[in-house]
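Below is one structure, written out as structure tokens; the observations come after it.
If you're wondering where the values come from, they're calculated on a predicted model, not measured in any experiment.
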Amino acid sequence: LLTDWINTTLKEEHIVVKSLEEDLYDGLVLHHLLENLGSVKLDVDKIALTENKQRQKLSVILEAVAKCLQLEESQLKWSVESILRKDLLSTLHLLVAIAKHFEPNLAMPPNVQVETITIENTSRGLKTVSATEYITGNKDNLGAQSKDDAFDELFSRAPDKLDAVKKVFLQFVNQHVGKLGLDVKDIETQFADGVILLLLIGQLEGYFLNLRDFFLTPASTTEMV
């Protein structure tokens, strides 16, 4: 799936990937992919022939990826060295992260996992540790997604209490936007155009919203969006 996705994305640039390990380690394909998907301009040469140049290029590319995806260093499941040494697991993690960010509708199979074995040479001999590595989401996350949240349960199990909850929310909203001379009576209709929501956020966070940045009385769907 990832190989087909890359080849489809870069078709007009006549780039064909056959092996994720062999074709991505030098940064050329990743460079084109980022420029194509996110219009990210990277200040590096397209082609890096030496290992040092490839390492430098990958460093710039992966820094750009982390910035685009808003990832901290502790969240990264790849590194310059692991991509450079053609580590398939790191390459898969990197590509899945890029795909999820730039192509959220890509039909990626859920719960893809591999068994990993880490072998360490210790003073007592070889130490072997087996683990399961999740490529497209782990069991906990998938389980959490499948469970109903509090509002789903409210709708399905206690619809009679829905009005009471809405009343509490209305009181909360009016407590804050009331300072602006506004009075919200219907959550469904009065929140639909986004204006009350914007003003509420401004009140909660304590900052002024420039009225030129949005339409205070939107007259069309476009203005609401």
Side-chain angles (χ1 to χ4, degrees), residues 1 5 9 33-41 62-77 93-112 134-225:
L1 174 73
W5 167 63
T9 304
L33 200 58
L34 282 181
E35 285 195 338
N36 193 290
L37 291 170
S39 300
V40 179
K41 297 300 177 186
L62 297 186
E63 188 177 331
V65 169
K67 188 175 180 181
C68 282
L69 275 55
Q70 297 182 328
L71 295 173
E72 300 291 334
E73 190 172 346
S74 59
Q75 297 174 285
L76 303 180
K77 295 183 179 180
H93 279 307
L94 174 62
L95 288 175
V96 167
I98 293 173
K100 283 184 176 179
H101 180 78
F102 291 108
E103 297 280 357
N105 295 324
L106 189 66
M108 207 173 297
N111 207 23
V112 175
Y134 291 91
I135 307 295
T136 60
N138 60 44
K139 290 178 181 176
D140 294 335
N141 287 343
L142 291 169
Q145 290 172 6
S146 64
K147 292 178 182 176
D148 290 341
D149 64 18
F151 286 101
D152 289 328
E153 288 201 24
L154 184 65
F155 278 107
S156 61
R157 299 188 184 185
D160 53 311
K161 295 181 180 176
L162 190 58
D163 286 338
V165 173
K166 285 164 66 175
K167 186 177 179 181
V168 171
F169 276 124
L170 274 176
Q171 290 173 346
F172 166 74
V173 171
N174 283 319
Q175 177 186 347
H176 294 282
V177 300
K179 300 170 187 175
L180 301 173
L182 299 170
D183 182 31
V184 178
K185 291 185 169 63
D186 190 312
I187 285 180
E188 286 95 330
T189 59
Q190 287 183 265
F191 268 83
D193 62 9
V195 175
I196 297 294
L197 184 59
L198 273 175
L199 296 175
L200 176 63
I201 291 170
Q203 286 297 299
L204 292 173
E205 290 294 321
Y207 58 74
F208 174 74
L209 285 159
N210 194 325
L211 299 181
R212 289 177 298 181
D213 291 343
F214 67 101
F215 296 90
L216 193 58
T217 54
S220 65
T221 303
T222 302
E223 292 182 358
M224 292 179 190
V225 172

Distance, nearest 0.5 Å, that separates CG of Leu33 from CG of Leu95 | 7.0 Å
Name the one of Leu209, Asp193, Asp213 that satisfies side chain to side chain contact (heavy atoms under 4.5 Å, CB included) with Leu198?
-> Leu209
State, with a plain yes or no, whether a side-chain heavy atom of Phe102 is found less than 4.5 Å away from one of Asn36.
-> no
What heavy-atom pair brings Met108 and Ala99 nearest, and what distance separates the two atoms?
-> CE-CB, 3.6 Å
d(Leu76 CG, Leu94 CG) to nearest 0.5 Å is 9.5 Å
So with a 6.0 Å cut-off around CD of Gln75, is the heavy-atom count from everything else above 12?
-> yes
Atom CD1 of Ile187 and atom NZ of Lys185: how far apart are they, to the nearest 0.5 Å?
-> 13.5 Å
Do Lys67 and Glu63 touch side chain to side chain, with heavy atoms closer than 4.5 Å?
-> no
Please examine the side chains of Lys166 and Glu188, heavy atoms only from C-beta on, and report whether any two atoms are closer than 4.5 Å.
-> yes
Between atom CD1 of Ile98 and atom CG of Leu106, what is the distance when rounded to the nearest 0.5 Å?
-> 12.5 Å
How many angstroms lie between atom CD of Gln203 and atom NE2 of His176, to the nearest 0.5 angstrom?
-> 8.5 Å
Which atom names give the shortest non-hydrogen contact between Lys100 and Thr136, and what distance separates them?
-> NZ-C, 4.0 Å
Do other residues, nucleotides or ligands put more than 12 heavy atoms under 6.0 Å from Glu103 CD?
-> yes
Heavy-atom closest pair, residues Ala107 and Leu1 | O-CD2, 3.5 Å
Is there a donor-acceptor pair closer than 3.5 Å between any side-chain N or O of Glu205 and the backbone N or O of Ile201?
-> no
Is a side-chain donor or acceptor of Asn174 paired with a backbone partner of Val184 at a separation under 3.5 angstrom?
-> yes
Between the CG atom in Leu182 and the CD1 atom in Ile196, the distance rounded to the nearest 0.5 Å is 5.0 Å
Compare every heavy atom of Tyr134 with every heavy atom of Lys77, then report the nearest pair and how far apart it is.
-> NZ-O, 4.3 Å
Does a side-chain heavy-atom distance below 4.5 Å link Val195 with Pro218?
-> yes
